[in-house]
Amino acid sequence: MPDLELEFALALARAARELGVEEDLPAAVEPSALETAGDLSSPIAFRLAKVLRRPPASIAEELARRLEPPRHTAEVTVTGGGYVNLRIEMATYASEVVASALGWGEVVAERHDPGPKVVVEHTATNPNKAAHVGHLRNACIGDTVARLLRSQGQRVEVQNYIDDTGVQVADVLVGIRELGLSPADGEPFDRFCSRCYVEVFRRYEAEPRLLELRRDTLRQIEGRRGEVARAAKELTSQIVDAHLRTMARAGVGYDLLTWESDILELGFLGRALDLMEEMGVTVRVSSGALAGCLVLPMTEGETDPETGEAKVLIKSDGLATYTAKDIAYHLWKFGLLGLDFRYHPWAPGGPATSSAQAGDDDLDPTSFGRAGRVVNVIDQRQSAPQKVVREALRRLGHEPQADQLFHLAYEVVALSPRAAAALGVETEPGRTMYALSGRHGIEVGADDLLDAAVRLVRPKARDQRTAEVLAASAVRYYLLRFGLNSIINFDFDEALRTSGDTGVYLQYAHARACGILRRVEPVEADPGPFRLAPEGRRLVKQIAAFPRAAAEAAGSLSPSSLAGYTFELATAFNDYYEHTDRLYRVEDPSLRAQGRQLVDALRATLARSLQLLGLEPLERI
RNA sequence: GCCCCCAUAGCUCAGUGGAUAGAGCGCCGGCCUCCGGAGCCGGGUGCGCAGGUUCGAGUCCUGCUGGGGGUACCA
């Protein structure tokens with residue numbers, strides 16, 4: 001399909017060169033803010049005014065005169081004291097747009113170069129309790145980012161890091177093994193663990209001596225051998241299964257599960273520490289507050305942690321911090337460690353998993369890791385440790401990799417006062433948000449939210465499966481439509497709304513298009529030049545904008561921008577639908593063929609857009 | 001203390017230096033349903049404050065105010 005924005009921009013740049021402009025000014029072109037002015041507009045004359053020392057209006061006039069208009073140009077005008085505008089010849093342009101839309105493939109980008117492999121890490125929910133809505137936001141963002149990158153032809157491997165040797169696992173084990181807590185009848189295991197986690201923290205506060213049990217348990221988990229370590233593996237495996245089921249409900253999947261315990265077991269951490277010692281980037285502290293710790297000084301070349309800040313990698317009790325393991329993990333991600341996991345399928349039809357043991361069903365180790373670029377979807381609160389990981393890579397001499405390590409930071413999900421009150425939190429006047437807290441049981445379970453959404457839409461859905469897809473669409477779209485820098489002030493009514501800017505609205509628009517296509521037989525007649533009312537023109541332009549919208553969302557790793565595009569696409573269609581004649585009543589074969597093709601093009605574009613957002617397009621509701 | 005993020009309509013949020021700052025929700029009124037209203041149309045003197053840069057600032061810079069987060073031998 002012709003990228004008119006690009007072609008117009010290039011034509012303007014050529015015309016500018018004829019005017020004697022040497023430097024490559026970005027010839028900005030965007031959809032016209034004023035529909036009366038045209039379809040595309042450029043303020044380039046304003047920028048040239050300075051260089052050419054002439055009024056913008058006269059430059060714009062000359063640009064317009066010299067411009068070699070791209071195909072499908074109806075007219076070029078100058079307005080507003082210097083804007084150069086292009087009006088599109090819709091009669092021919094619409095045919096091309098429609099044809100392209102019916103041919104959208106897996107890869108949406110026109111020109112693409114697969115480039116280096118991208119590893120996207122997301123979810124990484126502690127495997128000791130049920131996933132809550134904050135974890136679900138992470139997973140939806142990460143999953144959509146992976147889909148967006150793939151839509152641009154990039155090779156992507158999605159990893160879910162399982163932090164199975166952390167202290168949170170020890171907490172739940174204390175509850176089960178030491179306090180004798182057990183699931184109630186019919187209580188899902190992950191939910192039981194959430195409850196257990198809360199209970200254990202209550203007991204810690206009442207009986208601080210229980211913290212001894214926690215330390216012991218953690219030490220035994222880290223020891224990798226013995227009954228407690230086996231119990232930990234059993235517990236975390238069950239929770240991981242629960243998380244995979246929860247995330248699958250929202251359309252989220254993974255290529256590989258990477259287990260922290262394997263990083264320890266296979267000597268990744270040891271190798272990483274050796275490398276850092278060889279390069280002289282770590283320091284063993286002998287005195288002061290950090291005595292006995294192995295640290296990474298935060299100022300390069302600083303060897304005295306007393307005088308500067310330092311990140312502890314190995315604690316004085318000999319146990320590694322999370323950041324130390326993360327450094328080892330990232331060396332592996334980039335293929336810089338010289339070690340590999342073993343790999344085998346986690347479950348039939350599921351992702352692969354790392355493993356410390358060889359097995360009959362081992363997968364090709366060279367097909368995992370070895371990234372040229374890494375995107376970590378981790379909430380904004382972990383920015384500091386993410387910087388440490390990048391800095392460690394840099395100091396180890398891996399500057400290019402450090403530059404290709406992106407922390408995709410996003411803000412957390414908090415509770416609106418209404419939601420907090422609904423969960424039994426004591427609210428205070430004037431306070432607008434309340435943090436989630438797994439250890440205090442203040443949270444919205446991901447499954448609970450999805451269940452609530454299913455109950456809500458079930459009465460109007462044709463069957464249970466449709467209701468589940470609709471529910472997932474509502475929840476997933478809600479979590480994606482906010483910019484990453486926005487804290488989601490979670491509200492049940494907002495999350496479960498089905499009208500307006502929602503996933504359900506998008507699904508309804510798609511189903512409506514499918515309904516029309518079922519009702520109106522394909523027309524054999526040649527549609528000929530398109531005759532379109534304003535609503536039809538807007539719809540064609542919005543369809544044509546899809547590749548650019550996907551590319552921009554992928555380039556800026558911004559699911560919310562694609563969500564915005566998709567909503568506008570659905571809105572353009574509903575507007576068109578309301579303001580054109582019922583297609584089945586249209587007698588003119590050419591108009592009927594045009595109408596059907598346009599609806600079909602919309603259907604294809606909306607479907608592809610929904611897929612990128614991770615919503616399964618519904619043909620009927 | 002230092003670092004990061006946020007502040008736009010009653011509420012929740014878009015807005016990539018460009019024309020008259022937009023959506024959704026809620027409220028009022030109307031239309032109607034090729035999918036069964038989860039739809040469409042109309043109703044709007046809002047960019048926290050003060051400077052600065054620019055032909056042009058919601059957008060960039062500085063300061064301030066208010067809110068959130070980080071600054072662990074937690075993750």
Side-chain angles (χ1 to χ4, degrees), chain A residues 28 30 32-34 37 41-44 46-47 49-50 55-56 79-83 124 126 163 166-168 285 289-295 309 311-323 325-326 378-385 387 409 411-412 414 416 431-433 435 457 460 462 470 474 481-489 491 493-494 497-509 511-520 535 552 555-556 558 560-561 563-564 567-568 570-571 573-586 595 599 620-621:
Chain A
E30 48 196 39
S32 305
L34 273 60
S41 297
S42 172
I44 186 173
F46 294 103
R47 296 177 200 185
K50 190 169 215 168
T79 56
Y83 287 92
N126 277 324
D163 181 9
V167 70
Q168 302 82 356
V285 183
L290 300 179
C293 298
L294 183 73
V295 306
E309 286 184 38
K311 177 63 201 174
V312 172
L313 299 182
I314 302 293
K315 301 183 269 182
S316 57
D317 63 5
L319 295 180
T321 60
Y322 175 85
T323 302
K325 302 171 204 175
D326 216 21
I378 304 176
D379 79 59
Q380 166 273 121
R381 294 173 300 187
Q382 293 190 51
S383 296
K387 261 191 200 130
E411 274 291 354
V412 295
S416 70
R431 196 166 154 195
T432 58
M433 67 176 78
V457 300
K460 287 188 176 178
R462 63 196 306 116
L470 270 181
R481 51 176 266 244
F482 297 90
L484 300 182
N485 280 338
S486 236
I487 297 175
I488 295 184
N489 224 241
D491 187 86
D493 292 346
E494 269 294 301
R497 204 155 45 76
T498 59
S499 67
D501 187 4
T502 67
V504 174
Y505 174 94
L506 302 182
Q507 288 285 14
Y508 199 85
R512 166 172 284 154
C514 291
I516 295 171
L517 295 171
R518 277 192 300 271
R519 168 100 197 228
V520 180
E535 294 82 7
E552 283 177 2
S556 55
S558 172
S560 65
S561 86
F567 176 59
E568 281 170 21
T571 300
F573 172 61
N574 277 332
D575 189 18
Y576 168 82
Y577 165 85
E578 289 293 337
H579 296 103
T580 48
D581 295 330
R582 311 274 158 277
L583 196 50
Y584 64 88
R585 288 188 201 145
V586 172
V599 172
R620 294 168 197 263
I621 291 172

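Just the heavy atoms: all of them, side chains too, but no hydrogens, waters or symmetry mates, feed the values below. Below, read A as the first sequence line, B as the second, and so on, with proteins coming before strands; counting in each chain starts at 1.
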How close or far is atom [atom2] of [N] from atom [atom1] of [X], stated in whole angstroms?
X: A:Phe573; N: B:G39; atom1: CZ; atom2: C1'; value: 11 Å
X: A:Glu535; N: B:G39; atom1: CD; atom2: P; value: 18 Å
X: A:Ile488; N: B:G69; atom1: CD1; atom2: P; value: 16 Å
X: A:Leu583; N: B:C34; atom1: CG; atom2: P; value: 12 Å
X: A:Asn489; N: B:G67; atom1: CG; atom2: P; value: 16 Å
X: A:Ile516; N: B:G39; atom1: CD1; atom2: C1'; value: 12 Å
X: A:Glu578; N: B:G30; atom1: CD; atom2: P; value: 17 Å
X: A:Gln380; N: B:U71; atom1: CD; atom2: C1'; value: 12 Å

Is there a side-chain contact between [X] and [Y] (heavy atoms, below 4.5 Å)?
X: A:Val295; Y: A:Lys311; value: no
X: A:Ile314; Y: A:Thr321; value: no
X: A:Thr79; Y: A:Leu34; value: no
X: A:Ile621; Y: A:Arg462; value: no
X: A:Glu494; Y: A:Asn489; value: no
X: A:Pro56; Y: A:Phe46; value: yes
X: A:Val599; Y: A:Tyr577; value: no

Just call it for [X]: base, sugar-phosphate, or nothing, with non-hydrogen atoms closer than 4.0 Å on any strand.
X: A:Arg381; value: sugar-phosphate
X: A:Gly292; value: nothing
X: A:Ile487; value: sugar-phosphate
X: A:Lys50; value: sugar-phosphate
X: A:Pro385; value: base
X: A:Ala291; value: base
X: A:Arg462; value: base
X: A:Val312; value: sugar-phosphate

Check your understanding: Would a distance-only check, ignoring hydrogens and angles, find a side-chain to backbone donor-acceptor pair under 3.5 Å from A:Arg582 to A:Tyr584?
Key ->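 No; zero donor-acceptor contacts below 3.5 Å.
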Check your understanding: Between the main-chain N or O of A:Ala28 and the side-chain N or O of A:Ser42, is there a donor-acceptor pair closer than 3.5 Å?
Key ->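 Such a contact is found between A:Ser42 side chain and A:Ala28 backbone.
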Identify the nucleotide, in any strand shown, that forms a Watson-Crick or G-U wobble pair with [N], with both distances under 3.5 Å; if there is none, say none.
N: B:G63; result: B:C49
N: B:C40; result: B:G30
N: B:G22; result: B:C13
N: B:C73; result: none

Looking only at atom [atom1], what distance separates [N] and [M], rounded to whole Å?
N: B:G58; M: B:G48; atom1: P; value: 10 Å
N: B:U65; M: B:C28; atom1: P; value: 43 Å
N: B:U8; M: B:A57; atom1: C1'; value: 14 Å
N: B:G30; M: B:A21; atom1: P; value: 31 Å
N: B:A7; M: B:A14; atom1: C1'; value: 15 Å
N: B:G66; M: B:G56; atom1: C1'; value: 30 Å
N: B:C11; M: B:G44; atom1: C1'; value: 15 Å
N: B:G22; M: B:G39; atom1: P; value: 23 Å

Exercise for review: Would you give a per-nucleotide map of nucleotides 16-29 of chain B, 5' to 3', where B means the base has a protein non-hydrogen atom under 4.0 Å away, S means only the sugar-phosphate does, and - means neither?
Suggested key: B-BB---SSS----
**Study point:** Stacking of A:Tyr577 on B:C34 base (centres under 5.5 Å, planes under 30°)
**Key:**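 It does: the two rings, one from A:Tyr577 and one from B:C34, meet the stacking criterion.
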Exercise for review: Could you say whether A:Ala384 or A:Asp575 is positioned toward the 5' end of RNA chain B, judged by the nucleotide with the nearest heavy atom to each?
Suggested key: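 Nearest nucleotide further toward 5': that of A:Asp575.
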Point to revise | Residue whose closest nucleotide on RNA chain B lies nearer the 5' end, A:Gly166 versus A:Glu411 | key: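 With A:Gly166 and A:Glu411 compared, the 5'-side residue is A:Glu411.
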Could you work out which one of [options] sits closest to the side chain of [X]?
X: A:Leu470; options: B:A38, B:C34, B:G37; answer: B:A38
X: A:Asn574; options: B:G39, B:C13, B:G70; answer: B:G39
X: A:Tyr508; options: B:C55, B:C35, B:C32; answer: B:C35
X: A:Cys293; options: B:C73, B:U54, B:C40; answer: B:C73

Review point. What distance separates A:Thr498 OG1 from A:Lys460 NZ, expressed to the nearest 0.5 Å?
Key: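 Spacing of OG1 (A:Thr498) from NZ (A:Lys460) equals 6.5 Å.
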Practice item. Could you grab the distance from atom OG1 of A:Thr502 to atom CG of A:Leu470, nearest 0.5 Å is fine? Key: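 Separation between the atoms: 9.5 Å.
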Check your understanding: Side-chain N or O of A:Tyr576 less than 4.0 angstrom from OP1 or OP2 on B:G39?
Key ->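 Indeed not, no polar side-chain atom of A:Tyr576 lies that close.
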Exercise for review: Give a yes/no answer on whether the side chain of A:Ser486 brings an N or O atom under 4.0 Å of OP1 or OP2 in B:A7.
Suggested key: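 False: A:Ser486 side-chain N/O out of range (4.0 Å or more) of B:A7 OP1/OP2.
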Review point. Has the side chain of A:Gln382 got a donor or acceptor atom sitting under 3.5 Å from an opposite partner on the base of B:G69?
Key: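 Check fails, no donor-acceptor contact within cut-off.
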